[in-house]
Amino acid sequence: MNFSEQVYVLVERIPHGRVATYGQIAALLHTPRAARMVGVALRSLPDGTVVPWHRVINSRGEISIENMEHPAEEQANRLMAEGIRVGTSNGVYLIDLDMYLWMPNTELTNGGESRTV
DNA sequence: GGTTTGACCCTAA
DNA sequence: ATTAGGGCCAAAC
């Protein structure tokens with residue numbers, strides 16, 4: 001299984017209503033410096049894929065797409081459809097990481113609570 | 001094989 | 001606080 005496939009598998013584990021960062025995905029794959037590769041992998045997702053690519057954002061909590069086949073606006077809409085509050089400042093979409101960041105270490109160790117705040 | 005390419009990230013001004 | 005600049009490394013050429 002190549003790097004891209006591992007990325008897809010991991011991204012599928014991001015729960016509905018949560019987000020992860022590129023660097024976080026890379027770190028979970030034991031290559032903490034390969035954040036850009038995560039982006040490259042998601043860039044060339046096959047069409048009609050079921051991977052929730054929209055749940056992956058950058059380390060500052062921003063959507064990092066300008067305009068491709070999937071514009072930033074679509075990603076923002078998909079996130080909001082999951083109940084995530086998406087702010088916008090100067091054309092940049094912002095997500096509160098303190099509130100929505102996925103914490104994979106916590107998910108199985110505490111009965112599924114994992115609240116922050 | 002070597003080179004180029006990024007949906008990134010961190011550091012230093 | 002904001003912004004350049006450089007490092008990163010798997011994949012595609």
Side-chain angles (χ1 to χ4, degrees):
Chain A
M1 185 148 78
N2 63 30
F3 185 82
S4 297
E5 291 173 325
Q6 295 183 58
V7 169
Y8 303 151
V9 169
L10 198 46
V11 168
E12 287 190 54
R13 290 184 45 207
I14 306 172
H16 181 279
R18 319 227 59 164
V19 297
T21 70
Y22 298 98
Q24 179 183 12
I25 300 293
L28 288 170
L29 293 178
H30 311 108
T31 52
R33 320 288 170 71
R36 298 182 78 159
M37 282 60 255
V38 175
V40 171
L42 292 180
R43 161 178 62 72
S44 53
L45 262 178
D47 258 1
T49 187
V50 293
V51 176
W53 54 270
H54 56 280
R55 298 187 189 140
V56 187
I57 61 181
N58 70 28
S59 67
R60 305 190 310 235
E62 302 169 346
I63 290 179
S64 339
I65 311 181
E66 280 296 320
N67 41 354
M68 301 179 67
E69 57 185 71
H70 295 304
E73 186 180 37
E74 178 186 347
Q75 183 169 1
N77 287 336
R78 284 173 178 248
L79 291 174
M80 289 187 286
E82 300 189 349
I84 296 177
R85 273 210 298 287
V86 180
T88 175
S89 107
N90 202 9
V92 178
Y93 293 99
L94 281 161
I95 289 91
D96 185 355
L97 289 180
D98 289 329
M99 182 147 32
Y100 297 112
L101 185 66
W102 176 42
M103 300 195 187
N105 309 330
T106 333
E107 70 177 351
L108 296 176
T109 60
N110 66 352
E113 272 310 309
S114 78
R115 308 192 286 118
T116 315
V117 184

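Numbers restart at 1 for each chain; the letters A, B, ... are given by sequence-line order, proteins then strands.
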Should we say atom NE2 of His16(A) is surrounded by more than 12 heavy atoms from elsewhere, each under 6.0 Å from it?
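Result for NE2/His16(A): enclosed.
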Can you tell me if Glu73(A) has over 12 outside heavy atoms packed within less than 6.0 Å of its CD?
no
Roughly, in whole Å, what's the span from [atom1] in [X] to [atom2] in [N]?
X        : N       : atom1 : atom2 : answer
Phe3(A)  : dC8(B)  : CZ    : P     : 13 Å
Arg60(A) : dT11(B) : CZ    : P     : 14 Å
Arg36(A) : dA12(C) : CZ    : P     : 16 Å
Ile95(A) : dA7(B)  : CD1   : C1'   : 13 Å
Glu62(A) : dC9(B)  : CD    : C1'   : 12 Å
Glu5(A)  : dA11(C) : CD    : P     : 9 Å
Leu45(A) : dA11(C) : CG    : P     : 14 Å

Sugar-phosphate, base or nothing in reach of [X], heavy atoms under 4.0 Å:
X        : result
Tyr22(A) : base
Arg33(A) : sugar-phosphate
Ser4(A)  : sugar-phosphate

Are any side-chain N or O atoms of Glu12(A) and backbone N or O atoms of Val50(A), one a donor and one an acceptor, separated by less than 3.5 Å?
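No; judged by distance alone, with no hydrogens or angles, the pair does not exist.
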Compute whether any side-chain donor of one residue and acceptor of the other, for His54(A) and Glu82(A), lie under 3.5 angstrom apart.
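Glu82(A) and His54(A) do have a side-chain donor-acceptor pair below 3.5 Å.
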Checking contacts here: which listed nucleotide (dA11(C), dA7(B), dC9(C)) is nearest the side-chain heavy atoms of Ile65(A)?
dA7(B)
Nucleotide nearest Trp53(A) when distance is taken to its side chain, options dC8(C), dA10(C), dA7(B)
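The answer is dA7(B).
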Looking at Ser64(A), I'd like to know whether one of its side-chain N or O atoms comes within less than 4.0 Å of OP1 or OP2 on dC8(B).
yes
According to a strict under-4.0 Å criterion, is Ser59(A) in side-chain N/O contact with OP1 or OP2 of dC9(B)?
yes
